[in-house]
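Reviewing the structure listed below.
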Amino acid sequence: QTVVTQEPALSVSPGGTVTLTCGLSSGSVSTSSYPAWYQKSPGQPPRTLIYTTNSRSSGVPDRFSGSILGNKAALTITGAQAEDESDYYCALYMGNGICVFGGGTKLTVL
Amino acid sequence: QVQLVESGGGVVQPGRSLRLSCAASGFTFNTYGMHWVRQAPGKGLEWVAFISYEGKNKYYLDSVKGRFTISRDNSKNALYLQMSSLRPDDTAMYYCAKGGWLHIPDYWGQGALVTVSS
């Protein structure tokens, strides 16, 4: 069974930089996993931030960027703002339209 | 712009059935795969099912196989999720999502709440 791992919680100061990661319980994440990142706030539907590792969705501020760091996918927020406080989920593509979400990272901006 | 509107959620007893619908607009529905994704209270996002653009290929989360059926009507720009033998752990907000590049979910509806309780 594929388990996608994320940090349960992270914090960042306003204006600071934070990196969230997305790994596999066994194996490495690469560009061929086509990692995507979503922002999920309470009472709101998910918002797609990044797809296929580092492509930013329409309307997403350029302070959000995606990459591969070592054997994990990464979402970096540069110049964090108060409104970035939210839950963030990565998803990895498993083929045939199947994707697996990570457990999510709760990001606090303080 | 892309719009996805779910309907059909509600409270249902364990073992009963429910059908969710998703009305799509703002894109050429019959050229994109579609997903259902859910979020149980206090839990993370969980992919549930995917259907290819023409409806031929369908894939499911193991825990819903044999109980849930994803389908679509391209003439009506509509996506469905027929849920049967519902269990309390199926309680969740269910989102329909459009598949984008490589079918990765890109646009999302507002969700439909399903509560399974006696």
Side-chain angles (χ1 to χ4, degrees), chain A residues 1-9 20 22 25 29-60 64 66 73 75 86-107, chain B residues 1-6 9 22 26-27 31-65 70 72 79 92-113:
Chain A
Q1 182 184 345
T2 301
V3 177
V4 178
T5 61
Q6 295 184 247
E7 299 86 358
L20 291 65
C22 174
S25 55
V29 176
S30 68
T31 53
S32 59
S33 300
Y34 304 103
W37 290 91
Y38 303 92
Q39 181 186 55
K40 179 69 175 69
S41 299
Q44 297 293 318
R47 175 194 183 194
T48 303
L49 298 174
I50 301 287
Y51 60 98
T52 59
T53 305
N54 55 13
S55 298
R56 210 175 294 115
S57 286
S58 174
V60 173
F64 292 93
L75 173 71
S86 188
D87 295 328
Y88 292 85
Y89 293 89
C90 70
L92 301 180
Y93 179 66
M94 298 293 155
N96 293 324
I98 298 168
C99 56
V100 178
F101 288 90
T105 296
K106 187 177 187 64
L107 180 67
Chain B
Q1 72 279 21
V2 173
Q3 271 205 306
L4 298 166
V5 180
E6 299 92 338
C22 173
F27 64 103
T31 62
Y32 290 93
M34 296 291 295
H35 299 266
W36 287 100
V37 176
R38 68 185 180 185
Q39 185 175 33
K43 303 291 187 183
L45 296 175
E46 182 175 51
W47 175 84
V48 174
F50 170 82
I51 186 168
S52 57
Y53 70 97
E54 82 283 45
K56 267 189 197 174
N57 298 307
K58 305 176 185 181
Y59 303 95
Y60 299 93
L61 179 69
D62 282 348
S63 64
V64 308
K65 275 181 193 171
I70 189 172
R72 63 192 298 160
L79 175 73
M93 184 71 80
Y94 285 75
Y95 297 99
C96 79
K98 170 184 165 293
W101 180 251
L102 287 174
H103 308 305
I104 305 291
D106 58 2
Y107 289 91
W108 301 74
Q110 291 293 318
L113 182 61

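None of the values given here were measured: they were computed from a predicted structure. Hydrogens, waters and symmetry mates are skipped; everything else that's a heavy atom, side chains included, is used. Here is how names work: the chains are called A, B, and so on, in the same order as the sequence lines, proteins then strands, and each is numbered from 1.
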(message) What I'd like to find out is whether the side chain of B/Pro105 reaches to under 4.5 Å of the side chain of A/Tyr38, using heavy atoms alone.
(response) yes
(message) Could you measure the distance from the OH atom of A/Tyr34 to the CG atom of B/Leu102? Nearest 0.5 Å is fine.
(response) 5.0 Å
(message) Nearest 0.5 Å, please: how far is CG in A/Asn96 from OH in B/Tyr59?
(response) 3.5 Å
(request) Enumerate by number any residue of residues 43-54 of chain B whose heavy atoms lie under 4.5 Å from heavy atoms of chain A; in the absence of such residues, state 'none'. (result) B/Lys43, B/Gly44, B/Leu45, B/Glu46, B/Trp47, B/Phe50
(request) Considering non-hydrogen atoms only, spot the tightest contact between A/Thr48 and B/Asp106 and give its length. (result) OG1-O, 2.7 Å
(message) How close do A/Pro45 and B/Trp108 get, counting heavy atoms only, and between which atoms?
(response) CB-CB, 4.3 Å
(request) Only counting residues at least two apart or in another chain, list the ones meeting disulfide (SG to SG under 2.5 Å) with A/Cys99. (result) none
(request) Against chain B, label A/Thr52 side chain, backbone, both or neither, depending on which of its atoms sit under 4.5 Å from a heavy atom there. (result) side chain
(request) Answer yes or no: are there more than 12 heavy-atom neighbours, outside A/Phe101 itself, under 6.0 Å from its atom CZ? (result) yes
(request) Not counting sequence neighbours, which residues clear side-chain contact (heavy atoms from CB on, under 4.5 Å) with A/Arg56? List them please. (result) A/Ile50, A/Val60, A/Asp62
(message) So if I take each residue of residues 87-95 of chain A and look for any heavy atom under 4.5 Å from a heavy atom in chain B, which residues do I end up with?
(response) A/Tyr89, A/Tyr93
